[in-house]
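Structure record follows, encoded as structure tokens.
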Amino acid sequence: TKPTSAIDIYAHPEVTVQNGTTGTLRCTFKSNTVVSSSTSVTWSFQSSQPDNQFSKAPYVIFYFSNGKGFPGHDEFKDRVQFIGDINKRDVSIQLGPAQFTDNGTFFCDVKNPPDVTGTPARTELKVVLKESLPQNNTAVIVGAVCGALFLLLIGVSACIVMRVLHTRHDYEGCTSLESVSSQAPKPRKKVESGLEGSRSTSPSGPLQV
């Protein structure tokens with residue numbers, strides 16, 4: 001008898017799916033033994049809702065062996081699809097359409113004799129409304145960049161408008177000063193005229209007594 005050895009199983013710790021859509025539950029494994037027809041995969045589910053029929057203990061919802069998949073409980077019979085490639089050590093499944101009753105923990109267990117000792121991987125599934133879905137990081141980044149560019153554009157436009165108004169104000173000030181100076185009357189030479197008058201009336205000869 002060959003001694004048993006460990007097998008490592010990996011899965012995403014948490015997956016969020018919109019109600020009514022199809023969600024993917026990823027699961028991979030690492031084994032020192034070549035994959036064969038004796039390799040088996042078991043997917044189980046335990047509900048997080050106390051009043052759910054699957055809340056007491058994990059129930060098998062899908063089983064894979066000898067290259068074939070076998071449906072588990074009727075609740076998941078037509079909603080679980082095997083999408084992995086066991087030769088590439090990928091044993092992922094799809095669940096759809098997702099329902100609110102699917103909220104709970106999904107367990108992925110793989111046996112690849114003699115590698116059969118391992119801890120099943122766990123994925124916490126959250127089925128939510130569309131409004132509750134987390135935003136994509138890329139969309140958030142793009143939105144932030146667009147917002148920053150918009151604010152920058154507003155700032156530049158405001159600076160240009162202020163500069164134009166300031167230039168126009170200076171130009172109008174210069175023009176008004178020039179018009180005032182051009183319209184101002186020139187002072188008459190009253191002093192010179194007075195002097196000339198006094199000269200004409202003054203006696204040219206000496207005074208006689």
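FYI, side chains are in, hydrogens and waters are out, and symmetry mates aren't considered; it's all heavy atoms of this structure.
Taking N32 as the reference, D115 meet the side-chain contact (heavy atoms from CB on, under 4.5 Å) condition, with sequence neighbours excluded. Applying the side-chain hydrogen bond (donor to acceptor under 3.5 Å, both in side chains) test to S55 and every residue at least two apart in sequence or in another chain returns nothing. Here E131 pairs with nothing under the salt bridge (Lys or Arg N to Asp or Glu O under 4.0 Å) rule; sequence neighbours left out. Listed by chain and residue number, nothing satisfies the side-chain hydrogen bond (donor to acceptor under 3.5 Å, both in side chains) test with T119 (two or more places apart in sequence, or in another chain). Under the side-chain hydrogen bond (donor to acceptor under 3.5 Å, both in side chains) criterion, S36 pairs with S38, sequence neighbours left out. Applying the side-chain contact (heavy atoms from CB on, under 4.5 Å) test to F64 and every residue at least two apart in sequence or in another chain returns V41, F62, F82, I86. When the side-chain contact (heavy atoms from CB on, under 4.5 Å) test is applied to Q94, the partners found at least two apart in sequence or on another chain are T22, T24, Q81, I83. Legend: residues meeting side-chain contact (heavy atoms from CB on, under 4.5 Å) with S65, ordered by chain and number and at least two apart, are S40, Y63. Residues forming a side-chain hydrogen bond (donor to acceptor under 3.5 Å, both in side chains) with T101 (at least two apart in sequence, or on another chain): Q99.
The list of salt bridge (charged side-chain N to carboxylate O under 4.0 Å, His left out) pairs with a residue in residues 22-39, not counting sequence neighbours, is empty. Pairs of residues two or more places apart, or lying in two chains, that qualify as salt bridge (charged side-chain N to carboxylate O under 4.0 Å, His left out) and include a residue from residues 92-109 are R79-D102, D109-K111.
For the residue pair V116 and I7, the shortest heavy atom distance occurs at C-CG2, 4.2 Å. What you find for N66 and S37 is that their closest heavy atoms are OD1-O, 2.9 Å. The two residues T21 and Q18 make their nearest non-hydrogen contact at OG1-O, 2.6 Å. When all heavy atoms of A11 and T123 are compared, the pair lying nearest together is CB-OG1, 3.4 Å. The heavy-atom pair separating I9 from P120 by the smallest distance is CD1-CA, 4.3 Å. In terms of heavy atoms, V91 sits closest to C108 at CG2-SG, 3.7 Å.
Side-chain atoms of T105 and Q46 include no donor-acceptor pair closer than 3.5 Å. If you check the side chains of N112 and T33, you find no donor sitting under 3.5 Å from an acceptor.
Taking the six-membered ring for Trp, Y59 and F54 have ring centres closer than 6.0 Å.
The main-chain N or O of F100 is found under 3.5 Å from a side-chain atom of Q49 such that the two form a donor-acceptor pair. Checked by atom type and distance alone, the side chain of W43 never pairs as donor or acceptor with a backbone atom of V80 at under 3.5 Å.
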Just list the side-chain donor-acceptor pairs under 3.5 Å for residues 67-76, sequence neighbours left out, or say none.
residue: H73; atom: ND1; partner: E75; partner atom: N; Å: 3.1

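A 4.5 Å side-chain heavy-atom check between S44 and I61 finds every atom pair outside the cut-off.
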**Study point:** N19 and V128: CA distance, side-chain angles, deciding distance, side chain to side chain contact (heavy atoms under 4.5 Å, CB included) verdict
**Key:** CA-CA 6 Å; N19 181 44; V128 299; over 6 Å; no
**Study point:** Full working for side chain to side chain contact (heavy atoms under 4.5 Å, CB included) between F29 and R89
**Key:** CA-CA 6 Å; F29 66 94; R89 292 169 167 72; 3.5 Å; yes
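F106 and V15 end up in the same hydrophobic cluster when Ile, Leu, Val, Met, Phe, Trp and Tyr side chains are linked at under 4.5 Å. Under the 4.5 Å side-chain heavy-atom criterion for Ile, Leu, Val, Met, Phe, Trp and Tyr, L125 and L129 are members of the same hydrophobic cluster.
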